**Q** 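Here it is, the structure in full.
Because the structure is a prediction, the values reported are computed rather than measured.
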Amino acid sequence: METRKKRPVWVSPWDYAEGWLFVAGLLLTGLALQLIKGGLTREALSWPVNGIIGLLLTVSIVIGWIFFRKNNLINWLSRVPAAITSITMITFLVLLMGFTLQEDAKNPLWVQKLGLSNMTSSWPFLLGIVFFLCALGMATMKRLTPFSGRNIGFFLNHAGLYIIVLAGILGAADLNRFTMHLQEGEVVWFANDDHGHQIPMPLALELKSFNMEEFNPKVTVINPADNSMIQEAIPDMFEIKDGNRGTILGYDIEIKKFMMLSSMIEDRYEAVNNFGAAPSAFVHVTAPDGSVKEGWVSSGSFMMPHRFLELNKMYSLAMTLPQSSHYSSDVMIYTQSGDVYEQRIEVNHPVSVEGWKLYQYSYDDRFGRWSPTSVIEVIRDPWLPVVYTGIFMVLIGSIYLMTQGKAPEKYEGDE
Amino acid sequence: MSVFFFSEKSRALNVIAHLLYISGVLILTLFAILLWQELDRPPLRTLGETRLWYALFLPLTGYITYLRWNYRWIIYYSGFMAIVFLGINLIYPDNYDRTLMPALQSVWFIPHVIVYIFAYAILGVSALVAIKGLYTEYFGKGKDWSPQLADNLVYLGLGFLTLGLLFGALWGKDAWGHYWTWDPKETWAFLTWIGYLAYIHFRYHKPQKVISAMWILALAFVFLLICWFGVNYLPSAANSVHTYTQ
C-alpha cells in the first residue's frame with residue numbers, strides 16, 4: 001500500500017510517525033511517573049489550582065497558535081495526524097479500562113501499581129488527555145482564524161468538546177458528594193463522606209415522612225423445600241390484580257381479591273393501614289387434573305410472615321415481593337440565611353438549595369415502604385454550568401454533523 | 001408478528017415488494033405502540049425490548065437509504081438482520097412485566113434510548129457498508145458500493161449517538177447525581193463514540209485509504225456491540241448500574 005517515498009522522522013511537516021512516537025513517549029513517561037509517584041489524587045487539583053491550570057492551558061493554546069503557528073509542534077497539533085494519534089492513545093487507555101474492574105481492592109497488586117484499576121486517576125491517562133486537549137484546542141484555533149460562518153458547526157463540536165473534557169476533569173476536584181442520614185422528626189446539620197467522616201453542612205434537613213408507592217406483586221410457583229422459584233414458572237408469572245387470571249405449569253390461577261395493605265386476622269386477611277402491613281391475595285386454583293383449591297397468598301413484610309398456597313408436594317403458589325415504583329422524602333429545609341421551607345425530594349427530581357443539589361438516595365430496605373429513615377445525597381458541582389455550556393454546544397454541533405452527508409458516487413473499483 | 005413481510009425479494013413486482021416492506025415496518029410500529037400501552041411504560045427496559053426497536057429502525061434506515069441513494073442490497077441486509085433480531089425475540093420470549101424502577105422514570109428515558117437505538121441502526125447499516133466495502137476491495141466483486149455512503153451514514157449515526165450520549169449525561173445528573181461516572185456502559189459508549197470520531201477524521205485526512213477506513217468502521221461497530229450487550233458479560237461491569245434486566 002505504501003507508495004510514497006519514506007520520509008525521515010522529525011522533519012517538517014510532522015505526520016503520523018511523529019504522532020506514534022509522541023504517544024509512545026507519553027505512555028512511557030506516564031508509566032514511569034505512575035510507578036515512581038503513584039496515582040493522582042483528586043484533591044491535588046482543587047480550586048484555585050484547577051482554575052489556574054485550565055486558564056494556563058487555554059491561554060497557551062491561544063497564544064501558541066497566534067504567535068507560533070509556524071512552529072513544527074504547534075502546526076502539527078492543529079492537524080488531523082495529531083487528532084488521530086491522540087484519539088488512538090485515549091482509545092487504547094479507555095479500552096484497558098473497559099476490560100478492568102475499576103476498583104483497586106478487587107485487582108491484583110500489579111494491576112493496581114500500573115494504575116489500570118484506577119485509570120482516570122493515572123498518569124498515562126492524564127498525559128493522554130493533555131495531548132488530546134492540545135490537539136483539540138489547536139484545531140479549534142486553526143479554524144477560528146480567520147473566522148468564517150461556514151465553520152460554526154466545526155467550532156461548536158470542537159470547542160464544546162474541549163470545554164466538556166477540560167471542565168469535567170478539572171471540576172472533578174471540586175465535586176462534593178456526601179450523604180445525609182435522616183430519621184423522622186430529627187434535624188440533621190451534618191453529612192457523611194465516603195470514609196464516614198462528618199462534614200458540617202450550610203443547610204439542615206428534617207425528615208417529615210418517607211413515602212413509597214409499589215407495583216403490584218406477581219404470582220409465581222416455588223419449591224417449598226427451599227423456597228426457590230421454579231425456573232419454568234418464570235415466563236408465566238403474572239401481575240396480581242382483582243380478576244387477573246393466568247396459567248402457570250398447567251395450573252389455572254384466578255385472583256379473586258387483592259389487597260396492597262392488609263394484615264392477617266385469624267386465618268384470613270383484612271385491609272388495614274398499619275405499620276408493617278403486607279400485600280395479600282385470595283386465589284382460586286384449578287389443577288391440571290381438574291381439582292380445585294382456594295386460599296390466601298402473601299409476600300409478607302418485616303412484621304408478618306409470608307404465606308404460600310400448597311399445590312402439591314413439589315409446588316407451592318407464592319407472591320413475589322412488590323417492587324417500588326416511586327419513593328420520595330418530604331423534608332423541611334433550613335438554610336443559614338434563615339429560610340425554612342418544605343420540599344419533596346424524589347428519585348429523578350432533585351431539589352436545589354444554595355448551590356447544593358439534594359437527591360433521594362436510599363432508605364432502609366428492611367422496612368420497605370415503612371422505612372423510618374431516608375438517605376439524601378447532597379452534591380455540589382461548581383463547574384457544572386461550564387460543562388453544560390460545552391454539552392449544549394456539542395448538542396447543536398451534532399445536529400450540524402447530521403447534515404454533512406453528500407450524494408455518494410459509485411465506487412470505481414480497480415477492476 | 002410480521003416476520004415474513006421482510007422476506008420480500010421480488011424484483012418484478014416492485015410495487016408489492018414496497019407495500020409489503022412498508023406494511024411490515026408499520027405493523028412493527030403498531031406492535032411497539034400496543035406493547036407500550038399494554039405495559040403502561042415505554043418498552044425500552046430489557047435487552048429483548050431494545051431488539052424490537054432495533055428490528056423496527058434497521059429496516060426503516062435501510063429503506064430510507066435505499067430510497068435516497070438507490071442501493072438495493074442495503075434493503076436485503078437490513079431486512080434480514082431485522083428478521084434475525086425478531087427471531088431471537090420469538091425464540092426467547094420475555095416475561096413482559098410492567099415494573100420500571102424509579103430511576104428509569106424520567107423524561108430523558110425515552111429520548112435517550114430511542115435516539116441511541118436509532119443511532120445503532122444507522123451505524124449497523126454503515127457496518128454492512130464497511131463489510132461490503134472490504135469484500136469488494138479484497139475480492140474485487142460487487143461494484144454497487146461507495147465509501148461515501150458509509151460516510152453519510154456515519155455522519156448521521158454519530159450525530160444521533162452524540163445526542164444519545166449527551167441526553168444520557170443530562171439524565172444522569174438528575175437521576176444519579178453526576179453526568180459522567182465511567183460506569184462500564186459509559187466507558188464502552190465513550191469507546192464507541194470515539195471510534196466513529198476516529199473514522200471521520202481519518203476519512204477526512206486520507207480519503208484514498210479506503211481499506212484502513214473500513215477496518216476502523218468495522219472495529220467501531222464491534223465496540224458498539226460490546227457496549228450494547230457485551231457489557232453485561234464483562235468482569236469490569238460487576239458494579240454497573242446500566243446492565244439490562246434479563
Side-chain angles (χ1 to χ4, degrees), chain A residues 1 79-81 83-84 87-88 90-91 94-95 97-103 106 119-120 168 175 177 215 218 234-237 239 323-327 346-350 357 359 377 379 381 384 387 391 394-395 397-411 413-415, chain B residues 69 93-95 97-103 105-106 133 136-137 140 143-149 151-153 155-156 158-163 166 169-171 173-180 182 184 187-188 190-191 194-195 197-198 201-202 204-205 209 211 226 234-239:
Chain A
M1 286 300 294
R79 290 182 303 111
V80 178
I84 298 228
I87 284 177
T88 310
I90 299 285
T91 308
V94 178
L95 202 56
M97 177 171 158
F99 284 112
T100 319
L101 185 66
Q102 294 297 299
E103 208 181 321
K106 291 187 182 159
M119 182 59 87
T120 52
L175 178 77
R177 271 188 105 139
F215 291 107
K218 281 186 258 182
I234 292 175
D236 297 322
M237 283 162 48
E239 186 186 336
Q323 288 181 295
S324 63
S325 66
H326 295 87
Y327 55 95
E346 192 175 349
V347 179
N348 256 316
H349 301 280
K357 275 194 168 209
Y359 294 82
E377 187 173 30
I379 299 178
D381 185 1
L384 190 65
V387 174
I391 287 185
V394 178
L395 273 178
S398 63
I399 291 167
Y400 157 85
L401 180 71
M402 292 181 198
T403 64
Q404 290 306 292
K406 302 181 198 90
E409 299 139 20
K410 292 272 169 166
Y411 176 64
D414 37 3
E415 289 174 63
Chain B
W69 294 301
D94 264 348
N95 178 342
D97 92 44
R98 294 149 51 93
T99 57
L100 188 63
M101 59 183 279
Q105 297 170 25
S106 161
T136 307
E137 282 287 346
K143 284 170 84 178
D144 188 16
W145 178 74
S146 150
Q148 185 91 59
L149 178 62
D151 294 355
N152 289 345
L153 289 166
Y155 287 142
L156 205 58
L158 183 62
F160 278 107
L161 202 65
T162 312
L163 286 182
L166 297 178
L170 296 173
W171 177 15
K173 182 66 198 168
D174 270 357
W176 288 278
H178 203 42
Y179 49 84
W180 193 268
W182 292 106
T187 303
W188 283 95
F190 175 81
L191 284 169
I194 209 168
L197 213 58
H201 285 84
F202 187 76
Y204 173 80
H205 191 233
K209 288 199 167 181
I211 294 187
I226 295 177
L234 284 180
S236 53
N239 305 327

**Q** Only pairs of heavy atoms separated by less than 4.5 Å count here; which of B/G195, B/G159, B/P102, B/A169 has the most with chain A?
**A** B/P102
**Q** Go through the atoms of A/E377 and report whether side chain, backbone, both or neither lie under 4.5 Å from a heavy atom of chain B.
**A** side chain
**Q** Using side-chain heavy atoms (C-beta onward) and a distance below 4.5 Å, is A/L95 in contact with B/W188?
**A** yes
**Q** Going from CG on B/N152 to CD on A/Q404, what distance comes out if it is rounded to the nearest 0.5 angstrom?
**A** 10.0 Å
**Q** Could you list the residues that satisfy side chain to side chain donor-acceptor pair (under 3.5 Å) with B/W180, not counting sequence neighbours?
**A** none
**Q** What is the distance from atom CG of A/L395 to atom CG of B/L170, rounded to the nearest 0.5 Å?
**A** 6.5 Å
**Q** Roughly how far, to the nearest 0.5 Å, is NZ of B/K173 from CG of A/L384?
**A** 5.0 Å
**Q** Chain B heavy atoms under 4.5 Å from A/I84: which part of the residue, side chain, backbone, both or neither?
**A** side chain
**Q** What residues form a ring-ring contact (aromatic ring centres under 6.0 Å, His included) with B/Y155, not counting sequence neighbours?
**A** none
**Q** Between A/V94 and B/I194, is there a side-chain heavy-atom distance shorter than 4.5 Å?
**A** no
**Q** Counting heavy-atom pairs under 4.5 Å to chain A, which of B/L153, B/D151, B/T162 comes out on top?
**A** B/T162
**Q** Testing the basics here: between A/R177 and B/G177, what is the closest heavy-atom pair and its distance to 0.1 Å?
**A** NH2-CA, 4.0 Å
**Q** In terms of heavy-atom proximity below 4.5 Å to chain B, should A/I379 be classed as side chain, backbone, both, or neither?
**A** side chain
**Q** Can you tell me how far the CG atom of B/L191 sits from the CE atom of A/M97, to the nearest 0.5 Å?
**A** 8.5 Å
**Q** Which atoms of A/T91 come close to chain B, meaning under 4.5 Å heavy atom to heavy atom: side chain ones, backbone ones, both, or neither?
**A** both
**Q** Closer than 3.5 angstrom, by distance alone: can the side chain of B/Q105 be matched with the main-chain N or O of A/S325 as a donor-acceptor pair?
**A** yes
**Q** Is any side-chain heavy atom of A/M119 less than 4.5 Å from a side-chain heavy atom of B/T187?
**A** no
**Q** When rounded to the nearest 0.5 angstrom, what is the spacing between NZ in A/K357 and NE2 in B/H178?
**A** 12.0 Å
**Q** Return the CD1 to CZ distance between A/I87 and B/F202, rounded to the nearest 0.5 Å.
**A** 12.0 Å
**Q** Between the side chain of A/N348 and the main-chain N/O of B/A103, is any donor-acceptor distance below 3.5 Å?
**A** yes
**Q** Just wondering, do A/M402 and B/L163 contact through their side chains at under 4.5 Å, heavy atoms?
**A** yes
**Q** Give, as side chain, backbone, both or neither, the part of B/F160 having an atom under 4.5 angstrom from any heavy atom of chain A.
**A** both
**Q** Pick one of side chain, backbone, both or neither for A/F99, based on which atoms fall under 4.5 Å of a heavy atom in chain B.
**A** both
